[in-house]
Amino acid sequence: MDLARFPRRHYSHGPTPLEFLPNFTRALGGPDVWIKRDDLLGLAPGGNKTRKLEFLVADALAKGCDTLVTCGAPQSNHCRLTLSAAVKEGLKCRFVIEERIPGSYRDDASGNHFLFRLFGVESITVVPAGTNMAAAMQQVADELARQGRKAYAIPGGGSNALGGLGYVACAQELQQQTFEQGVRFDHVVVGSGSSGTHGGLLAGFLGNRIDVPIHGVGVSRDPADQAPLVHKEAQAVCDLLGLGLEVPREAVRCVGGYWQPKYSLPNAAMVEAVQLLARTEAILLDPVYTGKIMAGLIGLSRAGTFRKGEKVLFVHTGGAPAVHAYEATLLGR
């Protein structure tokens, strides 16, 4: 698959590390667990949205835009990384924040909220749960147009066909790394939320004929609602690339049960996962996304889906700044 025909900015230098987790593996007592360190991608301080923004911001620059407008929930890693890209490119940036849990947005909060202010976000519009986010971003874009400016709207999570190319690139990178390191995985575990990472990676695996199942652990929906979104995203990426293939429904594997009680609200399995990886490998997970995704990997291992001796790859999508907004929860205070 030729990605070179798409404009792209480069915010990272070289592939992210692919590492075995020996201490975590011993503590879990199941499969051999490896990690793809996409938390170490470029843009401060790293995360999966960086791969998507390389293509999205390049498109914005090609169209002569001067402001990036995007959306997310409170403590959004995507918003933080979009702002980081804007600063790097000399662009302005505005957010529309959906307060999915009433009272969860605080302008003076720590974590990503602190970084929003430190990096100099131009404005933040807070809207209630269920708001049409595309329409809300369009209102911001229209306001900027009246000022003689040109906005580029990026969907939540950077999840569209163009953004999904970032995880096609990841699939190609991973294929080269596994060849060089002489390792073959039996399973891949990734987060499944706005669907760009899961769908883009699936498209990349299909296009490169990587025959390894991808398990997407839901962070906001159970499989009946999540799987159609992932399938749609994967198909859109395949179509954009002109692959001429239909994404098989059975290739979309979604895992539910680890995101409850609600998106972003803590649960005991997440706390265990964050503590376990921190105390065995000194690697940080975040409470909203990667902590619940790792809880899914742990749960699937204990249930026998991933067996002893198999190799399981955890794609770490970042989010460490949000840890500081959940200190009392994670330390049991």
Side-chain angles (χ1 to χ4, degrees), residues 12 16-50 73-78 80-81 104 109-115 185 187-193 197 215-220 255 257-303 306 308 311-333:
S12 300
T16 58
L18 183 65
E19 305 171 350
F20 177 52
L21 301 177
N23 301 326
F24 182 86
T25 293
R26 281 194 296 272
L28 185 58
D32 295 339
V33 182
W34 291 62
I35 190 167
K36 175 70 169 159
R37 297 294 304 273
D38 272 14
D39 59 314
L40 300 180
L41 284 163
L43 301 179
N48 61 323
K49 307 305 189 288
T50 295
Q75 292 294 340
S76 169
N77 296 307
H78 165 67
R80 181 247 306 160
L81 283 169
S104 60
S110 62
N112 280 322
H113 287 201
F114 162 69
L115 294 180
F185 294 107
H187 304 275
V188 173
V189 175
V190 69
S192 200
T197 299
H215 304 262
V217 179
V219 296
S220 56
V255 179
Y258 293 94
W259 61 273
Q260 287 89 350
K262 287 186 177 180
Y263 171 85
S264 82
L265 292 185
N267 61 43
M270 175 278 291
V271 172
E272 180 197 14
V274 173
Q275 291 179 346
L276 187 60
L277 193 63
R279 293 170 183 177
T280 57
E281 302 289 350
I283 295 175
L284 294 176
L285 300 173
D286 83 280
V288 178
Y289 293 95
T290 49
K292 291 184 175 181
I293 299 159
M294 183 59 87
L297 186 154
I298 293 170
L300 291 170
S301 298
R302 290 172 175 168
F306 306 148
K308 194 172 184 65
K311 292 181 174 62
V312 177
L313 176 64
F314 176 79
V315 181
H316 190 340
T317 53
V323 167
H324 301 289
Y326 292 81
E327 291 178 4
T329 296
L330 294 175
L331 294 178
R333 293 175 180 169

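Residue numbers run from 1 in the order of the sequence given.
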For the residue pair Thr16 and Asp38, confirm or rule out a side-chain donor-acceptor distance under 3.5 Å.
yes
Counting only N and O atoms by type, is there a donor-acceptor contact under 3.5 Å from the side chain of [X] to the main-chain atoms of [Y]?
{"X": "His316", "Y": "Leu284", "result": "yes"}
{"X": "Asn23", "Y": "Thr280", "result": "yes"}
{"X": "Thr50", "Y": "Gly46", "result": "no"}
{"X": "Gln275", "Y": "Leu330", "result": "yes"}
{"X": "Ser220", "Y": "Tyr263", "result": "no"}
{"X": "Asn267", "Y": "Tyr258", "result": "yes"}
{"X": "Gln75", "Y": "Val288", "result": "no"}

With side chains defined as the heavy atoms from C-beta onward, is the minimum distance between [X] and [Y] less than 4.5 Å?
{"X": "Phe185", "Y": "Val312", "result": "no"}
{"X": "Ile293", "Y": "Val219", "result": "yes"}
{"X": "Pro266", "Y": "Pro287", "result": "no"}
{"X": "Pro321", "Y": "Pro45", "result": "yes"}
{"X": "Glu281", "Y": "Pro22", "result": "yes"}
{"X": "Tyr326", "Y": "Asp286", "result": "no"}
{"X": "Pro31", "Y": "Lys311", "result": "no"}
{"X": "Val190", "Y": "Val217", "result": "no"}

Looking at [atom1] of [X] and [atom2] of [Y], how far apart are the two atoms once the value is rounded to the nearest 0.5 Å?
{"X": "Asn77", "Y": "Leu43", "atom1": "CG", "atom2": "CG", "value": "12.5 Å"}
{"X": "Lys36", "Y": "Thr317", "atom1": "NZ", "atom2": "OG1", "value": "13.0 Å"}
{"X": "Phe114", "Y": "His324", "atom1": "CZ", "atom2": "NE2", "value": "10.0 Å"}
{"X": "Leu276", "Y": "Leu28", "atom1": "CG", "atom2": "CG", "value": "7.0 Å"}
{"X": "Leu277", "Y": "Leu285", "atom1": "CG", "atom2": "CG", "value": "4.5 Å"}
{"X": "Leu21", "Y": "Arg26", "atom1": "CG", "atom2": "CZ", "value": "11.0 Å"}

Close aromatic pair by centroid cut-off 6.0 Å: Phe314 and Trp34:
no
Tell me if the centroids of the rings in Phe306 and His215 come within less than 6.0 Å of each other.
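Centroid separation for Phe306 and His215: below 6.0 Å.
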Validate the cation-pi geometry between Lys49 and Tyr289: distance from NZ or CZ to the six-membered ring centre under 6.0 Å, angle to the ring axis within 45°.
yes
Nearest non-hydrogen partners of [X] and [Y], listed with the distance:
{"X": "Ala273", "Y": "Gly291", "result": "CB-O, 3.5 Å"}
{"X": "Ser12", "Y": "Gly42", "result": "OG-N, 2.7 Å"}
{"X": "Thr25", "Y": "Phe20", "result": "OG1-CE1, 3.5 Å"}

Which residue is it: Asp32, Ile298, Ile35? I am looking for the one with a side-chain contact (heavy atoms from CB on, under 4.5 Å) to Phe24.
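One option only clears the test, and that one is Ile298.
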Salt bridge or not between Lys292 and Glu272? Use side-chain N to carboxylate O under 4.0 Å.
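Answer for the salt bridge query: no.
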Residues Leu115, Asn112; criterion side chain to side chain contact (heavy atoms under 4.5 Å, CB included); working and verdict:
CA-CA 5 Å; Leu115 294 180; Asn112 280 322; 4.1 Å; yes
